[in-house]
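Protein chains get the first letters and strands the later ones, always in sequence-line order, with residue 1 at the start of each.
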There are 2 protein chains.
Amino acid sequence: MGTELTSDLPSERARHVLRILVEHYIREGHPVGSRTLSLTAGLDLSPATIRNVMADLEDLGFIAAPHTSAGRIPTAKGYRFFVDTLVRLQPMAEPDVVRLQGQLEDRFRGDAKAIASAASSALSALTSLAGVVTIPRQQKATLRHIEFLPLSGRRVLAILVVNDAEVQNRILDMDRDYTEEELRRAANYLNEQFTGRDLSEVRTRLRANLDGTREYMNRLMLDSIAGHAPKAGTESAGYVLSGETKLMNFQELSDVEKIRQLFEAFGEQREILTLLDRSVAAQGVQIFIGEESGYRILDDCTIVTAPYTVGDQIVGVLGVIGPTRMAYERVIPIVQVTARLLGAALNSDLNVGPDFGLRPDLNSGS
Amino acid sequence: MGTELTSDLPSERARHVLRILVEHYIREGHPVGSRTLSLTAGLDLSPATIRNVMADLEDLGFIAAPHTSAGRIPTAKGYRFFVDTLVRLQPMAEPDVVRLQGQLEDRFRGDAKAIASAASSALSALTSLAGVVTIPRQQKATLRHIEFLPLSGRRVLAILVVNDAEVQNRILDMDRDYTEEELRRAANYLNEQFTGRDLSEVRTRLRANLDGTREYMNRLMLDSIAGHAPKAGTESAGYVLSGETKLMNFQELSDVEKIRQLFEAFGEQREILTLLDRSVAAQGVQIFIGEESGYRILDDCTIVTAPYTVGDQIVGVLGVIGPTRMAYERVIPIVQVTARLLGAALNSDLNVGPDFGLRPDLNSGS
DNA sequence: CGCTAGCAATCGCCCATGTAGAGTGTCAAG
DNA sequence: CTTGACACTCTACATGGGCGATTGCTAGCG
């Protein structure tokens, strides 16, 4: 009775026992009994004493017994306490960091989806879990070149090249037909005035001109660079998922029906996406353990996410999905580092891109 | 002994029994016993007689008993005989055909991947199996417009618009730098000479000029339209798979390990792709039952495929993947019709595209 | 007052056993 | 060639008794 006020937090000793228990369970996968803990906790306590401690921990909701006489396993709340205050993070091995960096740099000049895909695979490979990376919002997108082509039925095909070599195209529905000459003039105007400028800047400048002459041309030009993220035909924004099949290796997900629902959710994208969005707000690694996600399908799963940034703008979220019983001490740093490196890779891409846009070596070369 | 020469093919009665057995097994999923057949075969034979017939069929390898006293189920060879000579195909319901047609037409102008994706989903929805459609090779691709942009390091970005509104881009590694002026001239030349022409035609014509002047420009121009299928950055050619999760509903695939291997194969793409390629040769529906595919992972699966054509050129393959125990009489016509409709949709797309390319209504309009 | 040893109780797991049911192969008779 | 009868085989399912692991509780020890 009198202990209830203080019982929200476990004692020092209980915390130690909890840590050992969680670590052991994560490693072995079997419920952990008092005897095992007594032997491995390094506290020199008899099983009976450990049992008392475990009873306390169970009362607090940190651990639970799957059935009478089967040792204890951590609850979601137990994992939560573990990752918040007990876990001893294990920094990534330096060689792994270097390799990861290599996988993210280079050869992706401007192709947002490809680089996201590489990051996703890397996450999956490093953690043996499913990796997920949202396609980066191109906050900074500098215009390299634009071109219009007339289509039938008052539609216009706009092709724009941003950031060095990324080609986007979309079909604009206009309210009248345009001649080739008009389109050429519009393209010339944009190319002369705005090459090397950021798209958002182009947009505001165009908007400023809106009340001036030729506002119908303006409409065309504005539309062409509006919402510049998703490619026209391609399956719209979303995320890249890798290594889903790895999830089938875990006993806790060995039920076909569960797997099916999980994979269907992956296919839908919606739920996962809103979940990822939630961690855009936070800075740094965020963890959703079991029921915390709010999605029944993910009850036995943990999602570790981190936003990644270009400059100081958050442009996307990445993370891993796995069973609640995952190696948090390894996974958390991996997610953290990957987010940082992906941001860096995207950043260098941008810094380099515009330089190429000015083609400094063409003048001196040849 | 004396019967062995004639025993390669089952008797008329045996064929009838086999048909009933296969149909029944496909419907119910349980091994079929002699009593059941005696009641449902409509032959007015006692179970004992049926048993004799079944023993013959088993000797021929058409059916097998999973264990003593458990009825019989068809073997791969049994299914093969069934689909080759016994099955009574059930034509698709007219409303379904119309709906399917609607799903494939329209709104996909030129976007090969999107239309393949729609076909794949449709296949999956109609059959409750996994649908698969290879991205169509654009055999006919008429040049609409081309554009070059210089990049760093002797690389050139080529953007070409084919078939109305499909934008492709690739990065060319050249052996020297090109000035903007040179690139503009090359683009102008191509646009003036070859707009509205088929890419293959462009290629041969360019090649004819090869020994003439300016062969270095020719190299550039040839490269830009070489192997015009895969978009630059996008995950290269391949197929679109839909409804894989539906496969998890089948008992014969309820083993997590099997599912895992299957999904990993889907992810790899390689094996599935070579399998699909095999049916490019054949015309019409082709079926790989169980072991016939040659891939262990697909031992319990059947793949029903059909190539689809534009004009008289085969440009891709589509089909469904499901358990060997599938409703062949419904699935085969669905695959057949979908292939035809997809071809038609792609064809109309092409026929319409070039017309738009000439923009007849622009001159008369406005 | 906290720790410990001991003890009964609980429960999952494994195995053997028993039973019911479904289906087969065979054989002799029609 | 067909059929009814019969013995046989095998699965699926339920039952029940150890076995082992682990717990909660309580009395005693320092």
Side-chain angles (χ1 to χ4, degrees), chain A residues 1-3 6-7 10-18 20-21 24-25 28-75 78 251-252 254, chain B residues 2-3 6-7 10-18 20-22 24-25 28-75 78 251-252 254:
Chain A
M1 276 223 177
T3 60
T6 64
S7 68
S11 69
E12 169 65 28
R13 189 173 69 182
R15 292 215 299 268
H16 185 216
V17 170
L18 179 58
I20 304 298
L21 187 149
H24 190 99
Y25 179 66
E28 307 291 341
H30 312 300
V32 188
S34 55
R35 203 184 108 85
T36 316
L37 284 175
S38 159
L39 293 176
T40 64
L43 281 179
D44 223 32
L45 293 176
S46 80
T49 312
I50 299 284
R51 280 202 285 280
N52 289 327
V53 178
M54 288 168 85
D56 292 347
L57 286 171
E58 185 161 17
D59 287 343
L60 292 176
F62 290 124
I63 59 179
H67 56 81
T68 332
S69 183
R72 311 299 221 289
I73 63 176
T75 60
Q251 319 120 21
E252 43 267 84
S254 62
Chain B
T3 61
T6 63
S7 67
S11 69
E12 169 66 27
R13 188 172 70 181
R15 291 216 299 268
H16 185 218
V17 170
L18 179 57
I20 303 297
L21 187 148
V22 174
H24 190 97
Y25 179 66
E28 307 290 340
H30 312 299
V32 188
S34 56
R35 202 185 108 87
T36 315
L37 283 175
S38 159
L39 293 176
T40 63
L43 281 178
D44 222 32
L45 291 176
S46 81
T49 312
I50 298 284
R51 280 203 284 280
N52 288 328
V53 179
M54 288 168 83
D56 292 348
L57 287 171
E58 184 162 16
D59 287 344
L60 292 175
F62 291 124
I63 58 179
H67 56 81
T68 332
S69 183
R72 310 299 220 290
I73 62 177
T75 60
Q251 318 120 20
E252 42 267 86
S254 62

Less than 4.5 Å apart, any side-chain heavy atom of [X] and any of [Y]?
X: Pro74(A); Y: Tyr25(A); value: yes
X: Ser38(B); Y: Leu45(B); value: no
X: Val32(A); Y: Arg72(A); value: no

Tell me: [atom1] of [X] to [atom2] of [N], nearest whole Å?
X: Asp56(B); N: dT26(C); atom1: CG; atom2: P; answer: 12 Å
X: Leu57(B); N: dG25(C); atom1: CG; atom2: C1'; answer: 16 Å
X: Ile63(B); N: dG23(C); atom1: CD1; atom2: C1'; answer: 13 Å
X: Arg35(A); N: dG6(C); atom1: CZ; atom2: C1'; answer: 15 Å
X: His67(A); N: dG20(D); atom1: NE2; atom2: P; answer: 17 Å
X: His30(B); N: dG21(C); atom1: NE2; atom2: P; answer: 17 Å

- Query: Would you say the side-chain atoms of Thr75(B) pair up with the backbone N or O of Gly61(B), donor to acceptor, closer than 3.5 Å?
  - Reply: yes
- Task: Answer yes or no: does atom CZ of Arg35(B) have more than 12 heavy-atom neighbours from other residues, nucleotides or ligands under 6.0 Å?
- Result: no
- Item | Selected nucleotide, minimal atom distance to Thr68(A) side chain, candidates dT24(C), dG25(C), dC11(C) | dC11(C)
- Among the nucleotides dT2(D), dG23(C), dG24(D), whichever has the atom closest to the side chain of Arg72(A) is dG24(D)
- Where along residues 36-52 of chain A does a heavy atom come under 4.0 Å from DNA chain C, residue by residue in number order? Asp44(A), Leu45(A), Ser46(A), Ala48(A), Thr49(A), Arg51(A), Asn52(A)
- Message: Reading DNA chain D from 5' onward, which residue's closest nucleotide shows up sooner: Arg13(B) or Ala70(B)?
- Response: Arg13(B)
- Item | Arg13(A) CZ to Asp56(A) CG distance, which is reported to the nearest 0.5 Å | 8.5 Å
